[in-house]
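Below: the structure, in structure tokens.
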Amino acid sequence: MMKYWLMKSEPDAFSIDHLKAMPRKTDHWDGIRNYQARNFMRDQMAKGDLAFFYHSNCETPGIVGIMEIVSKSAYPDHTAFDAKEKYFDPKSTPENPRWIMVDVKFKKKLKKTVTLQEIKAQKKLADMRLVQRGNRLSILPVSSSEWNFILKMAGEL
DNA sequence: GCCAACGTTGGC
DNA sequence: GCCAACGTTGGC
């Protein structure tokens, strides 16, 4: 059963246009250093799942596009092993990796960005984890009804 | 840049 | 195992 996700990235660091410009429009989603987000990737994410690409910490936060999980499973995040990397974690080693990542492929940009402001204004989306108090998780599950509702808001359905 | 709301760390 | 101090996220 295909599942839906929302994955946050700061567009200054890595935007949907960066993903689109990658070879085969595919990249690994590295840098996740939160256990809950990691566990979603490890335990629930599967090849073929779809995810919203969310731009966070920017002028207009919101959902800008769709990508697909294309790695068979999550696998060790090598950026945690490298002391020169921003998200280096000495407690994660190749022998015993603490952090993992998946590969994602660009599918499309939404016809219209669905902004956080618009999402917050929708009563039907009040239960989304994205808009709940203090939620800072960078990977979140999205229900199929929420997914379809947002696609409609984007003029995609 | 501010700061609320987290999550993590580490002393005890 | 508690909890204060600290670090981070991310909207504004």
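Numbered from 1 within each chain, the chains take letters A, B, ... in sequence-line order. All of these numbers come straight from a predicted model, not from anything done at the bench.
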(message) For C:dG11 and A:Y54 - does any side-chain N or O of the residue sit under 4.0 Å from the phosphate oxygens OP1/OP2?
(response) yes
(message) Expressed as a whole number of angstroms, how long is the span from A:R98:CZ to B:dT9:P?
(response) 6 Å
(request) Grab the CD-P distance between A:Q132 and C:dG10 for me, whole Å please. (result) 15 Å
(message) Just N and O in the side chain of A:K120: are any of them under 4.0 Å from OP1 or OP2 of C:dC12?
(response) yes
(request) On DNA chain B, check which nucleotide each of A:N57 and A:N135 is closest to and give me the residue with the more 5' one. (result) A:N57
(message) In whole Å, I'd like the distance from the CG atom of A:L137 to the P atom of B:dT8.
(response) 10 Å
(request) Establish, with yes or no, whether the OP1 or OP2 oxygen of C:dT9 is under 4.0 angstrom from a side-chain nitrogen or oxygen of A:K8. (result) no
(request) Figure out the CE/P separation between A:M128 and C:dG11, and round it to whole Å. (result) 13 Å
(request) Please collect all side chain to side chain donor-acceptor pair (under 3.5 Å) contacts where either partner lies in residues 82-97 of chain A, sequence neighbours excluded, each pair once. (result) A:D89-A:W99
(message) Would you say A:Y4 ends up clustered with A:V131 if hydrophobic residues are merged whenever their side chains have heavy atoms under 4.5 Å apart, either directly or through other cluster members?
(response) yes
(request) Just call it for A:R133: base, sugar-phosphate, or nothing, with non-hydrogen atoms closer than 4.0 Å on any strand. (result) sugar-phosphate
(message) Expressed as a whole number of angstroms, how long is the span from A:L130:CG to C:dT9:P?
(response) 16 Å
(message) Output the rounded distance in Å from CG (A:D12) to C1' (B:dG1).
(response) 15 Å
(request) Would you mind telling me which of C:dG11, C:dT9, B:dG10 lies closest to the side-chain atoms of A:K91? (result) B:dG10
(request) Could you tell me the separation between the CG atom of A:N34 and the P atom of C:dG10, rounded to a whole number of Å? (result) 9 Å
(request) Spell out, yes or no, whether A:V70 and A:I16 are grouped together once hydrophobic residues are joined by side-chain heavy atoms under 4.5 Å, including indirect joins. (result) no
(message) My understanding is that only one of A:M101, A:M7, A:M41 makes a side-chain contact (heavy atoms from CB on, under 4.5 Å) with A:I32; could you say which?
(response) A:M41
(request) Would you please confirm or rule out a distance under 4.0 Å between OP1 or OP2 of C:dT8 and any side-chain N or O of A:R136? (result) no
(request) Using whole Å, report how far CD of A:Q36 lies from C1' of C:dT8. (result) 15 Å
(message) Can you tell me how far apart CG (A:N57) and CD (A:E10) are? Round to the nearest 0.5 Å.
(response) 4.0 Å
